[in-house]
Amino acid sequence: MKTLIIVIHPDLPGAVVNKRWVEELKKFPDQYVIHQLHECYPDGKIDVHYEQQLVEQYDQIVFQFPYYWFNCPWLFKKWLDEVLTHGWAYGSKSGYKLAGKTIALAISVGVDEADYLPSGTYNYTLAELLRPFELSFGYVKADYQPPFTYYGIEYHSTAEWIEKSVQPYMDFLNAL
């Protein structure tokens with residue numbers, strides 16, 4: 001069973017950790033299908049029907065993105081708003097097309113994990129800040145899993161630090 005990895009990064013060629021993760025995923029085409037939203041929709045005009053058909057094909061879907069401004073990139077929010085429609089993703093006559101599908105987030109974060117503690121810089125845990133995703137995917141009856149998070153990219157963007165993220169990410173995916 002292949003896993004659909006939906007990559008949402010506005011500048012993947014200029015990225016550090018997300019680009020490295022995609023490079024690693026490409027080594028396993030029999031396990032992962034990579035779908036890059038910004039590459040497919042540089043104008044932001046999402047083909048809703050295509051996206052719905054695509055996600056219907058997979059039982060495991062991972063949304064991979066950098067976390068900034070305490071949220072996801074704008075194209076992911078637009079994707080959620082436009083693709084998860086009433087009558088398809090939810091509603092009494094929808095068939096809940098994502099029901100039972102394993103959904104997870106794979107997130108790169110610029111700051112250190114300690115910043116996302118009640119006593120840290122931002123006063124909230126990342127789990128608290130990601131609650132809208134958990135609630136949204138729960139609403140469409142998907143099987144939302146705890147996210148994979150790699151912290152400290154802003155402060156530790158050395159090749160070694162980036163490389164240290166690869167195996168834990170792959171382990172996370174294999175455990176879904």
Pairing residues for D43 by the salt bridge (charged side-chain N to carboxylate O under 4.0 Å, His left out) criterion, not counting sequence neighbours: none
Do any pairs count as a salt bridge (charged side-chain N to carboxylate O under 4.0 Å, His left out) and have a residue in [range], sequence neighbours left out, and if so which ones?
range	value
residues 82-109	D59-K101, K78-E82
residues 26-42	E24-K27
residues 160-176	R20-E163

Can you tell me how far [atom2] of [Y] sits from [atom1] of [X], rounded to the nearest 0.5 angstrom?
X	Y	atom1	atom2	answer
C72	L80	SG	CG	6.5 Å
T85	Y90	OG1	OH	7.0 Å
H49	L54	NE2	CG	11.5 Å
L117	L126	CG	CG	10.5 Å
S165	F148	OG	CZ	6.0 Å
Q145	Q60	CD	CD	9.0 Å

Would you call [X] and [Y] a side-chain contact if the rule is heavy atoms closer than 4.5 Å?
X	Y	answer
V83	W88	yes
L25	Y169	yes
K2	Y32	no
Y68	S108	no
H38	L12	no
I46	L75	yes
Q64	H9	no
L37	H35	yes

N/O donor-acceptor pairs under 3.5 Å from side chains in residues 127-135, not counting sequence neighbours:
{"residue": "E128", "atom": "OE1", "partner": "T125", "partner atom": "N", "Å": "2.8"}
{"residue": "E128", "atom": "OE1", "partner": "T125", "partner atom": "OG1", "Å": "3.2"}

Aromatic ring proximity, centroids under 6.0 angstrom, W79 and F63: yes
Pair Y150 and W161, ring centroids less than 6.0 Å apart: yes
Quick one: closest heavy-atom pair of [X] and [Y], and the distance?
X	Y	answer
G152	D112	CA-OD1, 3.5 Å
Y96	S94	N-OG, 2.8 Å
F65	P73	CD1-CD, 3.5 Å

Treating Ile, Leu, Val, Met, Phe, Trp and Tyr as nodes and any side-chain heavy-atom pair under 4.5 angstrom as an edge, say whether [X] and [Y] lie in one connected cluster.
X	Y	answer
V22	L105	no
V17	I34	yes
W21	V109	no
I107	F76	yes

Side chain to side chain contact (heavy atoms under 4.5 Å, CB included) between V33 and T3, intermediate numbers included: CA-CA 6 Å; V33 172; T3 300; over 6 Å; no
For [X] and [Y], indicate whether the former's side chain and the latter's backbone hold a donor-acceptor pair under 3.5 Å.
X	Y	result
Y67	F70	yes
Q36	I6	no
D115	V111	no

Pair L4-V62, side chain to side chain contact (heavy atoms under 4.5 Å, CB included): steps then yes or no: CA-CA 6 Å; L4 176 63; V62 175; over 6 Å; no
Exceeds 12 heavy-atom contacts within 6.0 angstrom, atom OH of Y139: no
Y124, OH: over 12 other non-hydrogen atoms inside 6.0 angstrom: no
Residues in side chain to side chain contact (heavy atoms under 4.5 Å, CB included) contact with A89, at least two apart in sequence or another chain: L84, V140
